[in-house]
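What follows is a set of notes on a single structure, which appears directly below.
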Amino acid sequence: MNYNKRTHTCGDLRLSNLNNEVTLNGWVAKKRDLGGLIFIDLRDRYGVTQLKITPDKKQLHDIASKLGLEFVISSKGMVIKRESINPNIPTGEIEIDVNELQILNESLPTPFIVEDDVKASEELRFQYRYLDLRRQKMAQNLITRNKVFQTVHKFFEKEGFIEIETPILMKSTPEGARDYLVPSRIHKGKFFALPQSPQTYKQILMVAGMDKYVQICKCFRDEDLRADRQPEFTQIDLEMSFVDQDDVFKVTENLMYNIWKDASGIEIQTPFPKYTYDDCIKYFGTDKPDLRVKGEIKLHHLNKIFTNSEFAPFKDALTNNGSISGISVKDIQISRKVIDELTEFVKKSGFGGLGYFKFSNNEFSGPLAKFLSDTEKESLIGEFELNSDSTVFILSGDYKKVCETLGSLRLKIAETFQLINESDDKFLWVTDFPLFAFDEEEGRYVGEHHVFTSPKPEFEHLLDSDKKEEILSIRANCYDLVLNGQELASGSIRIHNYEMQKKVFNLIGLSDEEARQKFGFILDAFRYGAPPHGGIAPGLDRIVARLCGVKDIREVIAFPKSTSTASLMDESPSIVSDKQLKELSIKITSEK
RNA sequence: GGAGCCGUAGUUCAGUUUGGUUAGAACGCUUGACUGUCACUCAAGAGGUCGCGAGUUCGAGUCUCGUCGGUUCCGCCA
C-alpha cells in the first residue's frame, strides 16, 4: 500500500510549525461533523492533533464523512492557527488544514470507546488489550516501565554489575511456591520447572566468581492471584560477593533513588529507616508496615498497666501469658456506627469483641471506662499521651494475634478516616526475621525466607539445638524493603558453607539423601570455594505501579492474566491436541 | 480451598427491595439536517438468550439451588 508517511507525530506540532506542510498518521479518536466543516481528532501514542476538512474539497470531504472511530488514516496538510484554541491539549493552538486524506485501514465499531477515562470493565479491557493500550494512560504506564528498565541497566552498568541471563527451564525444587512445570519430550515422565526466581543460579554465579550479578528477569509462581500478584512477574534480581547487609542496602537505596528520580523527578530520602521484624510486629502488628498513617498510630502494650486488673478478659490474658494491647486515635470523632463496624472487623479475626474507651476533657467514658481504676487511668494517660479527644481500642489475648489484629485495625481506621497521604512514599527496611517458622500442618520447620538464608552469626550455634523455642528464636540475615505497606524487595546474606547448608536442610526435614537429590548441585558448588555472598530482588511491577500511581500491577503489565490465571485475550491456558500429549506421554485423568 | 461483591442493548448502568402489561437511559451504531467544533447540536431509527442450567410459581430480569466468568479479601505466595 502506498501512502504518505508521517513527518511528525500527533503530539509534536505547535505554533512554531505554522505554515509547515506536514503528514500525520494515526487513529481517528473523535469526529465532529458539522455538515460543512469536519473536525477529526487524530491520535497516536504521542498525543492528539485536530484535523480540519473544509467542504470545498469535495473528494476529501466525502472520505472524511465516512470515517469511523479507530480508522487508521494518513493526512497531509498545512499547519494553521486555530480560530478558537483548545487549552486542554498541548497541540491546542494549531490544526491541520487537510489537503490529502487516505484511509489506511478501517475499524469495526469497537467493543468499548478508547478514551482516557475508560468505561469498560477489566474483563473487556483484557480481552481487547490492544484497544486498551491505545489509551494515553496505558501508554504512559508502559513508557514509565521502560524508563525504569533503562535506569536499572544504566545504574548497574555504572556500578560494575554484569547482566547475566539464567535458564527459564530449570530443575523443580521443593519448598516455596508451587512450580509451573514443563514436560520434557525427550525425557519422558520428567519435567522442567519455570523459575520461581533465579535464586540458585545467581548463587552459583557467585561461586563462579561473577562477583556482581544483575538481571531483570521473569519469575513464575503457580499460586492464587491478588491485585499485586501475577503468576508471572518481573524482578530486578541481584547478587554480590563479599558483602554484608549494609552493602546490599546501600546499592538498593541508590537504585531506588535513581529510579524515582528518573521516572518521576522525585528525590527520595536515603538511607531508609530500619526496623527489626520483632519491632514491626510490636509497633505495627505486621512485617510490612505502612508508615504513611497520620498521627503515628502505633500499638501500645499494656500488660504492666493492667497487672492488678479485675476485668475478666484482661485477667485471662495475663494468666495465659497473653497480651493486652491497644491503639489510640486522636482528634477524630468516631461514631457508634463506625465502632460497630470495627468490632465486626475484629470479630472476623476471632475476637469476642473490641474494647474501647474515650478520653475527653480529662474524663474517661465508653464501655471500658468503668473497669479502669484511677491508677490505671493515670498510667493510660501517660502511655498514650492523652491530651486531646481520643478513642483507645484495646484487645487482649495471644500476643501475635493481638498485634496482627490491631495492625489491621490501624489500617482499617486509617482507611476509614483517610489518614494516609497517598502521594507520600515511605520506605523502610525490615531486618532480623526469624529463620524458621513451625508449620503445624506439616509438623516441621519451614524456612521463613528461603532455605539458603544464613542465620545471624550470634545464632549459628542454635542450629544444633533440639529445643523448639531455641530454633524459632534464630534470627536470619535477611531483610525486606517495604514501601507504603507493601513488600517491595526481599533478600538475604546467604549460606555459603556446605555443612551449614546441610544443617538447615536437615532442620526443615530434608534428609542428607533428599538434600543431595534436590539440591546436590548447589551443595557441591559450596564445596569448591564458595565466597560469602548475598543479594536482593526488588519487584519491578510493584515499583512501576507505584510510580504510575496505580494499585493494581495489571495496569503496568502489557498482557496480564485475570484473577483466575487466564489470559482473556488469547484464551490461554487451552487444551492441546492428543498428538501433543502423546508425544509427552501425558494422560489427562480429569477435566473440568 | 473459603467468603464477599458484580454479570440486563455494542458499552456503562437503572430496573431485583415488595414476582405481574410492550425491560428503560446515556454513550456508541445507522439515516437525515447543520461551515468553528473540541462531551458539536438537532431529528428519526436499529439494537435484548436479562451470563448459563435447573427449580418454586398461574406467571421469574426479580425468589431458591447449581454452574461459568470478572473482581476483592482470607488461606496460599520459601
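In the text below, chain A, chain B and the rest are named by the order of the sequence lines, each starting its count at 1. These figures come from a predicted structure and were not determined experimentally.
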Practice prompt. Using the six-membered ring for Trp and the full ring for Phe, Tyr or His, decide whether A:F112 stacks on the six-membered base ring of B:U11 (centres under 5.5 Å, planes under 30°).
Written response: no
Discussion item. Tell me every residue that passes side-chain hydrogen bond (donor to acceptor under 3.5 Å, both in side chains) with A:S465, counting only those two or more places apart in sequence or in another chain.
Written reply: A:E470
Discussion item. Applying salt bridge (charged side-chain N to carboxylate O under 4.0 Å, His left out), can you list everything that pairs with A:K137, at least two apart in sequence or on another chain?
Written reply: none
Discussion item. What's A:E115 touching, base or sugar-phosphate or nothing? Going by heavy atoms closer than 4.0 Å.
Written reply: nothing
Discussion item. Which residues pass the ring pair (Phe, Tyr, Trp, His ring centres under 6.0 Å) test with A:Y277, not counting sequence neighbours?
Written reply: A:F433
Discussion item. Just to be sure I understand the geometry, which residues of residues 508-515 of chain A put a non-hydrogen atom under 4.0 Å away from RNA chain B?
Written reply: none
Worksheet item: Mind checking what makes ring pair (Phe, Tyr, Trp, His ring centres under 6.0 Å) contact with A:H450, not counting sequence neighbours?
Response: A:F452
Practice prompt. Taking side-chain hydrogen bond (donor to acceptor under 3.5 Å, both in side chains) as the test, write out the residues that go with A:E100, two or more places apart.
Written response: A:N4
Worksheet item: When we call it a touch if two heavy atoms are under 4.0 Å apart, what does A:I113 touch: a base, just sugar-phosphate, or nothing?
Response: sugar-phosphate
Fill in: Within residues 76-86 of chain A: residues closer than 4.0 Å to RNA chain B (heavy atoms)
A:R82, A:E83, A:S84, A:I85, A:N86
Tell me which donor-acceptor pairs under 3.5 Å the side chains of residues 549-561 of chain A have, and how far apart each pair is, sequence neighbours excluded?
unit_1: A:D552; atom_1: OD1; unit_2: A:R554; atom_2: N; d: 3.0
unit_1: A:D552; atom_1: OD1; unit_2: A:R554; atom_2: NE; d: 3.0
unit_1: A:D552; atom_1: OD2; unit_2: A:R554; atom_2: NE; d: 3.1
unit_1: A:D552; atom_1: OD2; unit_2: A:R554; atom_2: NH2; d: 2.8
unit_1: A:E555; atom_1: OE1; unit_2: A:R125; atom_2: NH2; d: 3.0
unit_1: A:E555; atom_1: OE2; unit_2: A:R125; atom_2: NH1; d: 3.3
unit_1: A:E555; atom_1: OE2; unit_2: A:R125; atom_2: NH2; d: 3.2
unit_1: A:K561; atom_1: NZ; unit_2: A:E232; atom_2: OE2; d: 3.4

Practice prompt. Name the nucleic acid region contacted by A:L568, choosing base, sugar-phosphate or nothing; use a 4.0 angstrom heavy-atom cut-off, strictly under.
Written response: sugar-phosphate
Practice prompt. Any pair with a residue in residues 477-507 of chain A that passes ring-ring contact (aromatic ring centres under 6.0 Å, His included), sequence neighbours left out, goes on the list, sorted by first then second residue, please.
Written response: A:F249-A:Y479, A:F505-A:F519
Fill in: Residues touching RNA chain B, which here means a heavy atom under 4.0 Å, drawn from residues 214-225 of chain A
A:R221, A:E223, A:D224
Worksheet item: Taking RNA chain B as the partner, which of residues 47-59 of chain A come within under 4.0 angstrom of it by heavy atom?
Response: A:Q50, A:K52, A:P55
Fill in: Partner set under ring pair (Phe, Tyr, Trp, His ring centres under 6.0 Å) for A:F438, not counting sequence neighbours
A:Y445
